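Structure record follows, encoded as structure tokens.
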Amino acid sequence: MANLLFPLLLVVLLVPMFLGVRRQKREAQKVADMQEGVKVGDSVTTTSGLYGTVVDLDDETVDLEIAEDVVTTWLRAAIRDVRPTSDGSADSADSDDAETAGAEAGEVAEVAADTEAAATPAANGSSGTNGSALVEESVEDTAARLRKD
């Protein structure tokens with residue numbers, strides 16, 4: 001019985017360790033592929049949290065523009081991720097997102113119209129069903145009110 005317990009214990013301990021190492025290797029390969037796939041014009045984030053745009057590439061280094069006319073050189077290994085660009089180049093997935101956003105904007109407009117309709121009695125001096133008045137306030141009105149307080 002004791003002769004079978006030791007090999008079984010080894011298997012129970014080594015299998016999860018082996019699977020963990022495989023997962024780490026897969027993740028490391030995915031990061032390496034992302035770092036090798038960086039191209040000029042990509043917006044990236046470095047491991048230190050710096051946002052920049054790739055302006056030049058080398059085998060081991062990447063030149064990032066972090067502000068207008070400010071270019072710094074980083075190792076490729078310092079790139080944590082490639083951020084999506086917001087420059088108007090839209091693929092089919094982006095256009096689907098835009099259509100969804102347009103539909104959501106229409107729903108928001110309907111809700112805003114309903115809110116405005118509900119706020120109209122409050123603007124006339126009457127109160128809502130629960131006694132509280134719904135009043136929409138402009139940015140200028142809010143700023144003026146805060147200055148008075």
Side-chain angles (χ1 to χ4, degrees), residues 9-125 127-149:
L9 183 63
L10 282 177
V11 168
V12 167
L13 293 175
L14 292 178
V15 167
M17 211 162 49
F18 174 73
L19 294 175
V21 168
R22 284 186 54 210
R23 183 180 40 171
Q24 282 180 337
K25 283 184 180 179
R26 259 185 281 137
E27 290 295 322
Q29 185 62 42
K30 189 177 4 173
V31 169
D33 290 343
M34 179 269 307
Q35 290 170 345
E36 288 297 319
V38 170
K39 59 188 178 304
V40 173
D42 284 347
S43 295
V44 297
T45 306
T46 65
T47 54
S48 60
L50 183 78
Y51 294 100
T53 303
V54 177
V55 293
D56 192 24
L57 295 168
D58 194 351
D59 288 339
E60 294 181 12
T61 61
V62 176
D63 289 342
L64 299 179
E65 183 177 31
I66 57 174
E68 190 172 333
D69 296 330
V70 179
V71 178
T72 58
T73 303
W74 295 78
L75 289 174
R76 276 187 186 251
I79 297 175
R80 181 186 322 163
D81 62 345
V82 177
R83 296 181 298 127
T85 58
S86 60
D87 65 343
S89 62
D91 338 350
S92 61
D94 290 341
S95 63
D96 291 343
D97 291 342
E99 291 172 7
T100 305
E104 290 173 358
E107 293 169 3
V108 169
E110 291 174 9
V111 170
D114 292 343
T115 304
E116 186 176 323
T120 304
N124 293 334
S127 60
T129 57
N130 63 359
S132 64
L134 290 175
V135 178
E136 288 190 24
E137 188 175 55
S138 69
V139 174
E140 293 82 14
D141 293 340
T142 303
R145 182 176 51 81
L146 291 175
R147 279 192 298 266
K148 289 179 185 176
D149 294 340

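Each residue takes its place number in the sequence, starting with 1. In what follows, every heavy atom counts, from backbone to side chain, and hydrogens, waters and symmetry copies are set aside. Small disclaimer: the values here were computed from a predicted structure and weren't measured.
- Residues that satisfy the side chain to side chain donor-acceptor pair (under 3.5 Å) test with Thr53, not counting sequence neighbours, are absent from this structure.
- Under the rule for a side chain to side chain donor-acceptor pair (under 3.5 Å), Ser43 has no partner lying at least two apart in sequence or in another chain.
- Listed by chain and number, the residues in a salt bridge (Lys or Arg N to Asp or Glu O under 4.0 Å) with Lys39 are Asp42 (sequence neighbours excluded).
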Got a list of side-chain donor-acceptor pairs under 3.5 Å for residues 9-33, not counting sequence neighbours?
residue : atom : partner : partner atom : Å
Gln29   : NE2  : Asp33   : OD1          : 2.9

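- Taking all atoms of both residues into account, the shortest heavy-atom contact from Arg80 to Met34 is O-CE, 3.1 Å.
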Donor-acceptor contacts under 3.5 Å from residues 56-65 side chains, at least two apart:
residue : atom : partner : partner atom : Å
Asp63   : OD1  : Thr73   : OG1          : 2.8
Glu65   : OE2  : Asp69   : N            : 3.2

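- Across Arg83 and Thr45, no two heavy atoms sit closer than the pair CD-OG1, 3.1 Å.
- With contacts defined as side-chain heavy-atom distances shorter than 4.5 Å, the pair Val44/Trp74 does not qualify.
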